[in-house]
Protein chains: 2
Amino acid sequence: MFENLVRHIQKFVALNEEEQIILRSYVKFEKIKKKQYLLQEGQFCHANWFIVKGCLRSYTLKENGNKQMVQFAIENWWLTDYFSFEQKKPSKLFIQTVEDCELISIDDRTSEDLFAKIPQLERYFRLILQKSYAASLMRLQYMFNLSPEERFHHFNENFPSFIQRVPQYMLASYLGFTPEFLSKIRAKMADS
Amino acid sequence: MFENLVRHIQKFVALNEEEQIILRSYVKFEKIKKKQYLLQEGQFCHANWFIVKGCLRSYTLKENGNKQMVQFAIENWWLTDYFSFEQKKPSKLFIQTVEDCELISIDDRTSEDLFAKIPQLERYFRLILQKSYAASLMRLQYMFNLSPEERFHHFNENFPSFIQRVPQYMLASYLGFTPEFLSKIRAKMADS
DNA sequence: TGATTTTCTTAATCATGATTAAGTTTTTTT
DNA sequence: AAAAAAACTTAATCATGATTAAGAAAATCA
């Protein structure tokens, strides 16, 4: 389990035996069943979760009570609420397991210590954040430049494995339209 | 000019005299008139610009030839195309001055060197990226959860100074609607 | 296995904001 | 100061995708 994390980190920076041992002492291992909550609105988010196996999602509650998908995360992704970190305010997010999960987490209250001991990790997270930020801006571009229908086709082509993994209503919300509209698109696709 | 950058960095990490001198040798100073391009589609983006004074914007060209605003940046913000860095591919962005600007830039081909000499800067950029990423996710939330009209009012309340600083057609595009619709909103506001 | 909850589908109606096109105002250039 | 370009406004028409409501299918539970 821990090896998955180390392997991922080593794609970005070197990490020797000694450093691995230090890192291990700072992380927490969790196995969690489907549909459990890691974080709920109003709580403070102190963990940054690395997905060894499974799938997480984050969402917010809209005024009308609907859930608005914010992010999905699968193997080798990190998920947390950076906004809550930044602002030192209770989170507006729900973070929930979509599948049974194996997770590794780092507590943000000890991470400064950890970075001091292993400066390479500071670099690792800088690179991860750079990647995440770029991806987030790209998603914004899709929102602006593509119609809902085009967004679905684009997602379909680029992340086909996701389609089977997550319920369609979550996907619809993630792409910014209603489940009813997604049904319509699929009906149209079956025609042709 | 350089002092502005140092002051900003020191909000996040400490930076002694010696480090300041090293940093200075890695940056480039530029004064640029309004409406000039720092980057155009197809070029490789190697600079990360810090705005000492003025305003930048980035946009993409849509299929129909319209410009889609991606980001604004004003004093004490950094702007670049991280996506182009990541992918080592030519940029799809245009980066342009909206006002006369005073800029400081770092070249990404020398920044690894710089971070090795001043590890604090690695930390500084991690924190900046964390902030930027959180802001970008927040903007996505506004796209999902607010109507175009609500987005305008929200922006109006939270960034009133921006409204006077940038042309309305840029703002409309940034918020994801047409300039015609923005006129409509303003007409409605003048009524009541 | 049957019962219940969750997820997905279909179809009619409706509202928002895009598009088009013309005209006005403001800013920039010469 | 005049001419040209850039930015903004108004109004009519139109299309996309939301909403509503009902029912079907699939997954989960007891």
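A, B, ... follow the sequence lines: proteins, then strands. Residue 1 opens every chain. Everything numeric here is computed off the predicted structure, so don't read it as measured data.
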From [options], pick the nucleotide closest to the side chain of [X]?
| X | options | value |
| --- | --- | --- |
| B:Phe177 | C:dA18, C:dC8, D:dC8 | C:dA18 |
| A:Pro148 | D:dC8, D:dG17, C:dG17 | D:dG17 |
| B:Glu180 | C:dT20, C:dT10, C:dG17 | C:dT20 |
| A:Lys184 | D:dT9, C:dC8, D:dG17 | D:dG17 |

I want to check one thing: is the phosphate of [N], taken as OP1 and OP2, less than 4.0 Å away from some side-chain N or O of [X]?
| X | N | result |
| --- | --- | --- |
| B:Arg186 | D:dC8 | no |
| A:Lys34 | D:dT28 | yes |
| A:Lys35 | C:dT7 | yes |
| B:Thr178 | C:dA18 | yes |

Mind telling me whether [Y] and [X] have parallel, tilted or perpendicular rings, with 30° and 60° as the class edges?
| X | Y | result |
| --- | --- | --- |
| B:Tyr174 | B:Phe72 | tilted |
| B:Phe85 | B:Tyr82 | perpendicular |
| B:Trp78 | B:Tyr124 | perpendicular |

State whether the number of non-hydrogen atoms from other residues, nucleotides or ligands found under 6.0 Å of A:Glu112 atom CD is greater than 12.
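Atom CD in A:Glu112 is crowded, with more than 12 foreign heavy atoms closer than 6.0 Å.
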Can you work out whether B:Asn66 or A:Leu182 has the more 5'-proximal nearest nucleotide on DNA chain C?
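Looking at DNA chain C, the more 5' nearest nucleotide goes with A:Leu182.
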Quick one: A:Arg151 CZ to D:dT16 P, roughly how many Å, whole number?
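Rounding to the nearest Å, CZ of A:Arg151 and P of D:dT16 are 14 Å apart.
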